[in-house]
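This report concerns only the one structure given below.
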Amino acid sequence: MTGIRVLEVASWTYVPVASGVLAEWGADVVKIEHPATGDPQRGLVTSGLVPEGAVAHMVELPNRGKRSVGLDLKSAQGREVLLRLAARSDVFLTNVLPAARRALGIDVADIRAVNPDIVYARGSAHGPRGAEADAGGYDSTSFWARSGAADTASTPELDHPLSQPGAAFGDVLSGLTLAGGISAALLHRERTGEALTVDGSLLSTGAWAVGATLAAAAAHGVERMPRYAPADAPNALVNSYRTSDGRHVSLVMLQSDRFWPELTAALGAPELATDPRFADHAARRTHFREATAVIADLFSRRTFREAQDLLAAGRGAWAPVAHPREVLTDPQVLANGYLRDVTDSAGRPFQLVPAPLQFNEEPGDTRRAPDHGEHTDEVLAELGLSTEEVLELKIAGAVL
């Protein structure tokens, strides 16, 4: 993406993640923030959700590698600066709601009036059409709850739906998807000369994430797909099991006739391979609760470490159910560069996960997020504004 200029008018996480990915791939991303308040995400520190003096990881995550310009889009001077930036950009990226885009004069027609060749990308909660096109939302609502993902992930014994797996789970997946769409639009422009408008939404990505479940529900005419507690798993070798020290391992050994003898032997019970109840997949399907119970009992006698060692010696697919801190030292994660060491603007070291694609076996360039308005003077100078002109804009409150 070297040589590609991206102009971002967006906040929070979902849409900023998209341009953060493009920045990691080499694009020059200019993030527009209000001169006084900046991206609301920066307020997580003052609201106490991020400890004072700690790395603002929820600012760093979506804003890696960008340049920040403090600009008041409600002022005539600020909007003029924005349009000058748009005129020299390849991509305009926003999550401002439709009514606000029109009020600010930054809708598709406004930006294309100064740059007909720009790729205009929009990220929303619910999509660009329909009764809720102008309604906002977060990933826990639009991506997780409304898409059916929360219901699908929640097992029957729970009396409540599961929350999504951690902060920004749907945001980062949706942002990565939007970055891919922008990349495709840039390729289309290169091949045809046509500038496209790209739309992504949290709801569409959530539906995509559970696409197999939605397709099955449509095909079979059911309201929801079967959900199983671990004790009721229909295939004992596609399940998670608790170890003696309270940890879990996850098995996905779909070819159970192939792996049942090997696993039961490794667990110290080779006689289970010839037990009539478990002689083949059909028998184990008939006696699925008994099959699951015997495997659960065998794992319950071993520690987490012992379970990993015996599974590692076999051929079936499995994984430890890792705690997040364990992922930070996972040898496979480290060997592939799936975690990067970064230093924030105050010199504090921290770690970020880079975008999950590599080119020529190299990860992208993961750099820190900018401070609020850190690059205002630099970017305005690139537009050809003199020091006196920049000072006038600052005095007027149009820029930071």
**Prompt:** Just checking, Arg285 and Phe288: is the charged tip under 6.0 Å from the six-membered ring centre and within 45° of the axis?
**Reply:** yes
**Item:** Qualifying ring-ring contact (aromatic ring centres under 6.0 Å, His included) pairs, either residue in residues 309-341, two or more places apart
**Value:** none
**Message:** Any salt bridge linking Asp199 with Arg122? Criterion: basic side-chain nitrogen under 4.0 Å from a carboxylate oxygen.
**Reply:** yes
**Asked** Between Phe92 and Val9, is any pair of side-chain heavy atoms under 4.5 Å apart?
**Response** yes
**Asked** With no hydrogens and no angle check, do the side chains of Gln41 and Ser11 hold a donor and an acceptor under 3.5 Å apart?
**Response** no
**Asked** Any chance the side chains of Ser256 and Arg284 put a donor and an acceptor closer than 3.5 Å?
**Response** yes
**Asked** How about Ser345 and Asp371: does a side-chain donor come under 3.5 Å of a side-chain acceptor?
**Response** yes
**Request:** Classify the side-chain pair His126/Ser142 by whether it contains a donor and acceptor separated by less than 3.5 Å.
**Result:** yes
**Request:** Measure centre to centre between the rings of Trp25 and Phe359, then say whether the value is under 6.0 Å.
**Result:** yes
**Message:** Please evaluate residues Leu251 and Leu311 with respect to the criterion side chain to side chain contact (heavy atoms under 4.5 Å, CB included), reporting the C-alpha separation (whole Å), side-chain torsions for both, the decisive distance (0.1 Å), and the verdict.
**Reply:** CA-CA 9 Å; Leu251 314 183; Leu311 288 168; 3.9 Å; yes
**Prompt:** In terms of side-chain geometry, is the basic nitrogen of Arg302 or Asp309 positioned less than 4.0 Å from the acidic oxygen of its partner?
**Reply:** no
**Asked** For Lys31 and Ser19, does a side-chain donor sit closer than 3.5 Å to a side-chain acceptor?
**Response** no
**Asked** Got a sec, which residues hit side-chain contact (heavy atoms from CB on, under 4.5 Å) with Asp344, two or more places apart in sequence or on another chain?
**Response** Val55, Glu60, Ala346, Arg348, Phe350
**Glu374 versus Ser68, side-chain donor and acceptor atoms under 3.5 Å** = no
**Request:** Only counting residues at least two apart or in another chain, list the ones meeting ring-ring contact (aromatic ring centres under 6.0 Å, His included) with Trp260.
**Result:** Phe278
**Request:** Could you tell me whether Arg64 and Glu24 make a salt bridge, using a distance below 4.0 angstrom between a side-chain N and a carboxylate O?
**Result:** yes
**Asked** Do Lys66 and Arg367 have side chains that get closer than 4.5 Å, going by heavy atoms?
**Response** no
**Request:** Could you tell me whether Asp232 and Arg289 make a salt bridge, using a distance below 4.0 angstrom between a side-chain N and a carboxylate O?
**Result:** yes
